[in-house]
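Notes follow the structure.
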Amino acid sequence: MTKVKEIVPGLVLCLVIACFSILIANTFSLFGAGTFAIIAGIIVGNIGTGKMKRFNAGTKYSESKLLYYAIILLGGSISFHSIVEIGFSGVTFILLQMAITLMAALWIGKKLALPENFRLLMASGNAVCGSSAIAATAPAIQAAEKEKSLAITVVNLTGTVLMFVLPLVTTLLYKQEMQPSSAMIGGVLQSVGQVVASGSMVSEVVKEEATVYKMVRILLLGVVIYVLMRYSKKAPVEKSKKEKSKKIKLPIPWYISGFLLLCALHSLFAFPTLLQEVIQNTGTFFEVVALAGIGLRIQMRDLVEQGGKVAVYIGLLSVVQILAAALLIAWLIL
């Protein structure tokens, strides 16, 4: 009961910011509620309220548990049939684009001497699905809350900028042609909401097809986390015979197992439209509340400390992603 009392003040504050952000996002539909939530959280957190001890337990609960629940529910809105929809060339494009993004995020970050965990989180967030991917990767690589919060903020701000840039790029390169435009938007942007918003700036058909490309990336979330977790390990220590004889277990976090299970159930039984909407809306709401909590726990000095390097990093990474996508689309899709 004491623990619940500790959580309530911060959770209520996150809920208020989330509801306000959803209201604003419905008025200004070009921006997602998540973007408003994280920005509002940062503002509130840096004028004093977020520093008050009584809110800490609730904001921490929001940014961790609720975001994990949102990841699980994400599985109820997609199915393995998405792979069939975009065909062999589409899947090949996604696999290569994700591989290039992962390698570029790690390599550029290393050259700029950014912390390893931050590089790993940014690689996951940019390659897969923004905040959800970062939240899913953080415990797997033992990243600190501060590193997770910084990465989520940077990914959200980057995605918001690219959300407006990519429709211009697709107009310039493809005259808004459906297939290449969808691949570019669905293969580069970080969150599902950003893909939907950016695609709708081009056309309704591009929005729908870009979302399919995005869903295929999300299906690979578990694979990306496993790869990054293995990459982050230091040189292996010599094991004893007893340890070697033990059964090797796949270190899949519980929320990824839940995500894959729900995705498999939806693929097998095709959830009714109403149930899909309930799952999707609940998951989206949890994510917005979680992003409000993340914003409340971020201090501007943390962003300023990394400011110059991070700005160069996301700029270079975004350019690499767009160029790679353009080259792969020219080779595989056009």
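Counting begins at 1 with the first residue of the sequence.
- Under the 4.5 Å side-chain heavy-atom criterion for Ile, Leu, Val, Met, Phe, Trp and Tyr, Leu172 and Ile322 are members of distinct hydrophobic clusters.
- Both Leu73 and Leu268 belong to a common hydrophobic cluster when Ile, Leu, Val, Met, Phe, Trp and Tyr are linked at side-chain heavy-atom distances under 4.5 angstrom.
- Remark: side-chain polar atoms of Ser62 are not paired, donor with acceptor, to backbone N or O of Ala290 under 3.5 angstrom.
- Of the possible polar contacts, none joining the Gln142 side chain to the Pro139 backbone as a donor-acceptor pair under 3.5 Å is found.
- Between Glu287 and Ser131, the closest heavy-atom pair is OE2-CB, 4.0 Å.
- Looking at heavy atoms from C-beta onward, Leu66 lies in side-chain contact with Leu11 at the 4.5 angstrom threshold.
- Interatomic distance, Ile333 CD1 to Met184 CE, rounded to the nearest 0.5 Å: 9.5 Å.
- Shown here are the side-chain contact (heavy atoms from CB on, under 4.5 Å) partners of Leu327, two or more places apart in sequence or in another chain: there are none.
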Walk me through it: do Leu96 and Trp331 pass the test side chain to side chain contact (heavy atoms under 4.5 Å, CB included)? CA-CA 12 Å; Leu96 292 174; Trp331 175 38; 3.6 Å; yes
Exercise for review: Report the C-alpha separation of Leu220 and Val128 in whole Å, then their side-chain angles, then the decisive distance to 0.1 Å, and conclude whether the side chain to side chain contact (heavy atoms under 4.5 Å, CB included) test is met.
Suggested key: CA-CA 7 Å; Leu220 296 166; Val128 190; 6.0 Å; no
Task: Candidate pair Glu209 and Ile86, rule side chain to side chain contact (heavy atoms under 4.5 Å, CB included), full reasoning - done: CA-CA 8 Å; Glu209 190 68 10; Ile86 63 172; 4.0 Å; yes
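- Side chains of Leu291 and Asn156 form a contact here, defined as non-hydrogen atoms less than 4.5 Å apart.
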Could you walk me through whether Phe271 and Leu262 pass the side chain to side chain contact (heavy atoms under 4.5 Å, CB included) test, one step at a time? CA-CA 10 Å; Phe271 295 157; Leu262 204 55; 4.2 Å; yes
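- Shortest non-hydrogen contact noted between Gly130 and Val155 is CA-CG1, 3.6 Å.
- Scanning all heavy atoms of the two residues, the minimum distance from Ser318 to Leu162 falls at OG-CD1, 3.9 Å.
- For the atom pair CD1 (Ile225) and CG (Leu120), the distance works out to 12.0 Å, reported to the nearest 0.5 Å.
- The only member of Ile218, Leu102, Thr101 that meets side chain to side chain contact (heavy atoms under 4.5 Å, CB included) when paired with Val224 is Leu102.
- Nearest heavy-atom pair, Leu121 versus Ala143, reported as atom, atom and distance to 0.1 Å: CD1-CB, 3.9 Å.
- Under the 4.5 Å side-chain contact rule for hydrophobic residues, Met122 and Val161 share a cluster.
- In terms of the side-chain hydrogen bond (donor to acceptor under 3.5 Å, both in side chains) criterion, Gln280 has no residue partners (sequence neighbours excluded).
- Remark: side-chain polar atoms of Lys214 are paired, donor with acceptor, to backbone N or O of Gln190 under 3.5 angstrom.
- Both Val154 and Val165 belong to a common hydrophobic cluster when Ile, Leu, Val, Met, Phe, Trp and Tyr are linked at side-chain heavy-atom distances under 4.5 angstrom.
- The side-chain contact (heavy atoms from CB on, under 4.5 Å) search around Pro180 returns Tyr174, Glu177, Ile329, Leu334, not counting sequence neighbours.
- No donor-acceptor pair closer than 3.5 Å links the side chain of Ser198 to the backbone N or O of Val195.
- Side-chain N or O atoms of Gln97 include one that pairs as donor or acceptor with a backbone N or O of Ala325 at under 3.5 Å.
- With rounding to the nearest 0.5 angstrom, the CD1 atom of Ile134 is 9.0 Å from the OG1 atom of Thr153.
- Under the side-chain hydrogen bond (donor to acceptor under 3.5 Å, both in side chains) criterion, Thr137 pairs with Ser124, not counting sequence neighbours.
- Using a 4.5 Å cut-off between side-chain heavy atoms of Ile, Leu, Val, Met, Phe, Trp and Tyr, with links allowed through other members, Leu114 and Met103 fall into different hydrophobic clusters.
- Between the CD1 atom in Ile141 and the CZ atom in Arg119 there is a gap of 10.0 Å [rounded to 0.5 Å].
- Using a distance-only test at 3.5 Å, with no hydrogens or angles considered, no donor-acceptor pair links the side chain of Arg217 to the main chain of Cys129.
- We find the CG-CG distance between Leu95 and Leu328 to be 10.5 Å, quoted to the nearest 0.5 Å.
- Ring planes of Phe93 and Tyr213: perpendicular class, angle over 60° (limits at 30 and 60°).
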Return a table of donor-acceptor pairs under 3.5 angstrom between the side chains of residues 16-24 and protein atoms on other chains or two or more places apart.
from, atom 1, to, atom 2, distance (Å)
Ser21, OG, Ile17, O, 2.7
Ser21, OG, Ala37, N, 3.2

Point to revise | From CA spacing to verdict: side chain to side chain donor-acceptor pair (under 3.5 Å), Tyr231, Glu116 | key: CA-CA 10 Å; Tyr231 174 88; Glu116 184 185 49; 5.3 Å; no
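- Here the closest heavy-atom approach between residue Ala151 and residue Phe118 is recorded as CA-CE1, 3.8 Å.
- Going from atom CG of Leu261 over to atom NE2 of His266 covers 13.5 Å, rounded to the nearest 0.5 Å.
- Not a single donor-acceptor pair under 3.5 Å links the side chain of Gln176 to the backbone N or O of Thr171.
- Closest of all the heavy-atom pairs between Pro167 and Thr170 is O-OG1, 2.9 Å.
- Residues Tyr69 and Val289 are not in side-chain contact: their nearest non-hydrogen atoms beyond the backbone lie 4.5 Å or more apart.
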Run the side-chain donor-acceptor check on residues 105-112: report pairs under 3.5 Å with partners two or more places apart or on a different chain.
none

